[in-house]
Amino acid sequence: SQCAWLKMYTLLSLALALKGISYDLVPVNLLKDGGQQFSAEFKAINPMRQVPALKIDGITISQSLAIIHYLEDTHPNPRLLPQDPKKRAQVRMVAELITSGIQPLQNLSILNQMGEKKMEWAQNCIKSGFQALEQMLQHTAGRYCVGDEVSMADLCLVPQVFNAERFKVDMGPYPTITRLNKALLELEAFKVSHPSRQPDTPAELRA
């Protein structure tokens, strides 16, 4: 069986839900006990001490996009990468912008170094990234990030919008991002993967 080490909301949980892959969840609390990702047990799973990680088919894979590419290769339906090469490139472009250009700058390890300025730092990083993303999506989006099929790009978008809302970013300047996020949250896989419905969600945040 598959075993996934996750924090409360990741694009991996969305990928597994969309592809209908059952798994055993191992929540990793990034704050409890000084950060459970720093335990010797988890270091053996991922030496970078980051989530997510997935144990599947006799191997353990870390890094979100690497995991999703593996799932795409081994569980191709429903596909998360378009068949058309141009759209495929656009999906990867959007996904990389979010996972490499926005998300890492809000990692807990970075925010802890910001001290009292962590909120301001996170907001500025997200705003800067969203300005570029909004412009990009205006050229690629249909119903979803790239055309009318849910893709890897959408899996990256929704958790990042959740982070933006958590850091109280004004979403007014980003109408395309807002529209796409709203459409995606209407899909069942995105509903069941929402933070308010996870096993490790604090009681006060549960749906």
Side-chain angles (χ1 to χ4, degrees), residues 1-28 30 37 42-107 129 132-133 136-137 139-163 177 180-181 183-185 187-190 192-194 198:
S1 66
Q2 290 67 252
C3 189
W5 288 265
L6 302 168
K7 61 182 177 181
M8 196 167 65
Y9 196 28
T10 69
L11 56 107
L12 173 55
S13 61
L14 292 168
L16 292 167
L18 278 167
K19 288 186 175 290
I21 301 172
S22 61
Y23 60 97
D24 296 320
L25 173 67
V26 183
V28 179
L30 304 185
Q37 71 275 23
F42 189 72
K43 184 181 179 183
I45 296 166
N46 183 0
M48 275 295 287
R49 296 175 173 178
Q50 295 175 342
V51 290
L54 179 69
K55 183 177 181 181
I56 186 171
D57 299 337
I59 61 172
T60 301
I61 314 171
S62 60
Q63 303 302 323
S64 296
L65 295 188
I67 296 171
I68 292 175
H69 280 296
Y70 180 80
L71 295 178
E72 189 74 355
D73 289 339
T74 56
H75 299 77
N77 294 310
R79 64 173 179 258
L80 296 176
L81 283 169
Q83 292 178 317
D84 177 74
K86 292 179 180 178
K87 287 188 176 181
R88 205 175 180 90
Q90 289 176 327
V91 165
R92 288 173 168 151
M93 174 177 69
V94 173
E96 287 286 355
L97 188 155
I98 296 170
T99 60
S100 298
I102 305 176
Q103 190 277 327
L105 297 172
Q106 310 143 62
N107 275 348
L133 182 61
M136 185 181 291
L137 291 172
H139 295 285
T140 66
R143 179 165 177 78
Y144 305 117
C145 283
V146 177
D148 297 324
E149 293 184 4
V150 173
S151 71
M152 183 169 64
D154 300 296
L155 272 61
C156 299
L157 179 78
V158 173
Q160 182 53 62
V161 173
F162 175 77
N163 261 2
I177 294 174
L180 296 172
N181 184 68
L184 289 161
L185 288 177
L187 303 178
E188 185 62 23
F190 288 81
V192 299
S193 300
H194 195 270
Q198 300 312 300

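Just so we're clear, the structure is a prediction, and the values are computed from it rather than from any experiment.
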Quiz item: For the residue pair C145 and D154, what are the closest heavy atoms and their distance?
Solution: N-OD1, 2.9 Å
Quiz item: How long is the span from the CG atom in L185 to the CG atom in L180, to the nearest 0.5 Å?
Solution: 11.0 Å
Quiz item: Do the side chains of K55 and D24 get nearer than 4.5 Å, heavy atoms only?
Solution: no
Practice problem: Could you tell me whether the side chain of T140 and the main chain of V146 form a donor-acceptor pair under 3.5 Å? | Solution: no
Quiz item: Taking only residues two or more places apart in sequence, or in another chain, which ones meet R79 in a side-chain hydrogen bond (donor to acceptor under 3.5 Å, both in side chains)?
Solution: E149
Quiz item: Is there a side-chain contact between S13 and L16 (heavy atoms, below 4.5 Å)?
Solution: no
Exercise. Could you check L54, L71, T74 and say which one makes a side chain to side chain contact (heavy atoms under 4.5 Å, CB included) with I21?
Key: L71
Quiz item: Looking only at heavy atoms, which two atoms of M152 and I68 are closest? And how far apart?
Solution: SD-CG2, 3.8 Å
Quiz item: Does the side chain of L157 reach to within under 4.5 Å of the side chain of L133, using non-hydrogen atoms?
Solution: yes
Listed pairs under 3.5 Å, donor-acceptor, residues 89-96 side chains, sequence neighbours left out:
residue	atom	partner	partner atom	Å
E96	OE1	S100	OG	2.9

Self-check item: Q160 side-chain N/O to I102 backbone N/O, donor-acceptor pair under 3.5 Å
Solution: no
Quiz item: In Å, rounded to the nearest 0.5 Å, how long is the span from CD1 of I98 to CD of Q103?
Solution: 10.0 Å
Quiz item: Taking atom NZ of K19 as the centre, does the number of heavy atoms from other residues, nucleotides or ligands within less than 6.0 Å exceed 12?
Solution: yes
Quiz item: So how far is it from K87 NZ to D148 CG, rounded to the nearest 0.5 Å?
Solution: 7.0 Å
Quiz prompt | Nearest non-hydrogen partners of L80 and A15, listed with the distance | solution = CD1-CB, 4.3 Å
Quiz item: Stepwise, does the side chain to side chain contact (heavy atoms under 4.5 Å, CB included) test hold for L155 with L184?
Solution: CA-CA 9 Å; L155 272 61; L184 289 161; over 6 Å; no
Self-check item: Shortest non-hydrogen contact between A53 and L12, atoms and distance
Solution: O-CD2, 4.3 Å
Exercise. Mind listing the closest non-hydrogen atom pair of L11 and C156 along with its distance?
Key: CD2-SG, 4.0 Å
